[in-house]
Amino acid sequence: MRKPSLNRAATRVLLGAATLLAAPTGAARAAAVELRSVGHEVLLCRVEHRCAHDTRFAATPAWQWVVAFAPARFQLGEVLDDDDGDSPYFASLTLSCVRRDRIMVGELPLRDEPSYSIELDRDDPLWAIADPQAAPSTPSWHVELPRDGSVVSLRIGPTGMPRQPLRLVSASIRFDGDPAGVRTDYQLDGHDWRFIED
């Protein structure tokens, strides 16, 4: 027969473990970006976030393979929001990519490899989404910026242009805390978000 003190100790250990599992983790609350490519495009990419005070933060991991069949997830860390859901500290998001024929050994760009980047400022029209509460006859738009708990998903595809070979094909946002996992698409219609050579 177990002693009461041992039973209490075992109960405390189990309760502590359950609390740790149920508590939100920093990674779940942090903002994230997921990248995919289109078709057979193989990219080596990095993501950087610039805050309102002009401080830059590289997402982790620093460089990752980006392919079509599985998203590459980059953790941005905290991108704080305020009470109305805005992200006053978010200034821009920069994507930098190197094109590869295939996944090669080595997960850093080579010195002589050209790289291409795009910076999405907080005022960029990409962040506009259709307001789901607006009447169909009067379309309305609002801005949905990356912030804590959000995952921005971007697909990168080829342009066929040698100097600007990459562009954003689609973009969406979802929230980790949303049990339904609803994804909202950004409005890319009428714009051409091309990467430029660094």
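What you see below is based on every heavy atom in this structure, not just the backbone, and it leaves out hydrogens, waters and symmetry mates. Please read all numbers here as calculations on a predicted model, not as lab measurements.
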Inset, instruction - Among R194, E41, M161, E197, find the one that has a side-chain contact (heavy atoms from CB on, under 4.5 Å) with L166. - result: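 Per the side-chain contact (heavy atoms from CB on, under 4.5 Å) rule, the option paired with L166 is E41, out of R194, E41, M161, E197.
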Inset, instruction - Check whether any side-chain heavy atom of R99 sits under 4.5 Å from a side-chain heavy atom of C97, and report yes or no. - result: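 No, their side chains stay 4.5 Å or more apart.
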Legend entry - Validation row: V42, D101 side chains within 4.5 angstrom (heavy atoms):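 When only atoms from C-beta onward are counted, D101 and V42 do not touch, as no gap falls below 4.5 Å.
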Inset, instruction - For the pair R183 and E34, find out whether any cationic side-chain nitrogen is under 4.0 Å from an anionic carboxylate oxygen. - result: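 No.
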Legend entry - R46 and D198 ion-paired at < 4.0 Å: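 D198 and R46: not salt-bridged.
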Legend entry - Donor-acceptor pair, side chain of R100 and main chain of L43, under 3.5 angstrom: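 Between the backbone of L43 and the side chain of R100 there is no qualifying donor-acceptor contact (under 3.5 Å).
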Legend entry - Any donor-acceptor pair under 3.5 Å from S92 side chain to E119 backbone: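 Not confirmed, S92 side chain does not pair with E119 backbone.
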How close do [X] and [Y] get, heavy atom to heavy atom, and via which atoms?
X	Y	result
D185	S172	OD1-CB, 3.4 Å
G157	V169	N-CG2, 3.5 Å
I156	L168	CG1-CD2, 4.0 Å
L126	A171	CD1-CB, 4.3 Å

Legend entry - Aromatic ring proximity, centroids under 6.0 angstrom, W193 and Y186: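 They do not qualify: ring centres at least 6.0 Å apart.
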